[in-house]
Peer 1: 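Input: one structure, supplied below.
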Amino acid sequence: MTAARLVPCPACKTPTPYSPQNRWRPFCSERCRSLDLGAWASESYRVAAEAPPDAGDDTPSPPTRQ
């Protein structure tokens, strides 16, 4: 049987075994797991993206009279 690989806890960076025996993997504890979940719930984590175009930009403009 091979030893579990150690990975840094995403919250506190403590080396933590990444194995089925670690019930909070990849976190080191329930506390770190809960802190991370709370950060997601409060929208502290964000993915950078460009703002979508306005809805009016997609619609064709009415024909003009000449």
Side-chain angles (χ1 to χ4, degrees):
M1 184 176 218
T2 60
R5 184 175 82 170
L6 291 179
V7 297
C9 172
C12 70
K13 308 302 183 214
T14 299
T16 306
Y18 191 81
S19 70
Q21 288 75 31
N22 178 2
R23 64 188 276 193
W24 300 292
R25 72 177 173 201
F27 302 97
C28 66
S29 65
E30 184 177 15
R31 178 183 178 274
C32 284
R33 181 176 172 224
S34 295
L35 287 172
D36 187 72
L37 178 61
W40 277 106
S42 68
E43 298 182 2
S44 294
Y45 297 134
R46 300 210 175 163
V47 177
E50 291 183 26
D54 290 339
D57 293 344
D58 295 341
T59 57
S61 53
T64 56
R65 292 187 172 186
Q66 294 187 11

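What you see is a predicted model, and the numbers here were worked out from it, not measured in a lab.
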Peer 1: Should we count CZ of R33 as having more than 12 external heavy atoms under 6.0 Å?
Peer 2: no
Peer 1: What ring-ring contact (aromatic ring centres under 6.0 Å, His included) pairs are there with at least one residue in residues 3-27, not counting sequence neighbours?
Peer 2: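 Pairs touching residues 3-27 that pass the test: none.
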Peer 1: Please report, to 0.1 Å, the donor-acceptor pairs under 3.5 Å made by any side chain of residues 41-49, with sequence neighbours excluded.
Peer 2:
residue : atom : partner : partner atom : Å
S42     : OG   : G38     : O            : 3.1
S42     : OG   : A39     : O            : 3.3
S42     : OG   : S44     : OG           : 3.0
Y45     : OH   : D36     : OD1          : 2.8
R46     : NE   : E43     : O            : 3.1

Peer 1: Side chain to side chain donor-acceptor pair (under 3.5 Å) with S19: which residues, sequence neighbours excluded?
Peer 2: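 By the side chain to side chain donor-acceptor pair (under 3.5 Å) rule, S19 matches Q21.
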Peer 1: Identify which one of P17, C12, P8, P10 satisfies the side-chain contact (heavy atoms from CB on, under 4.5 Å) criterion when paired with C28.
Peer 2: C12
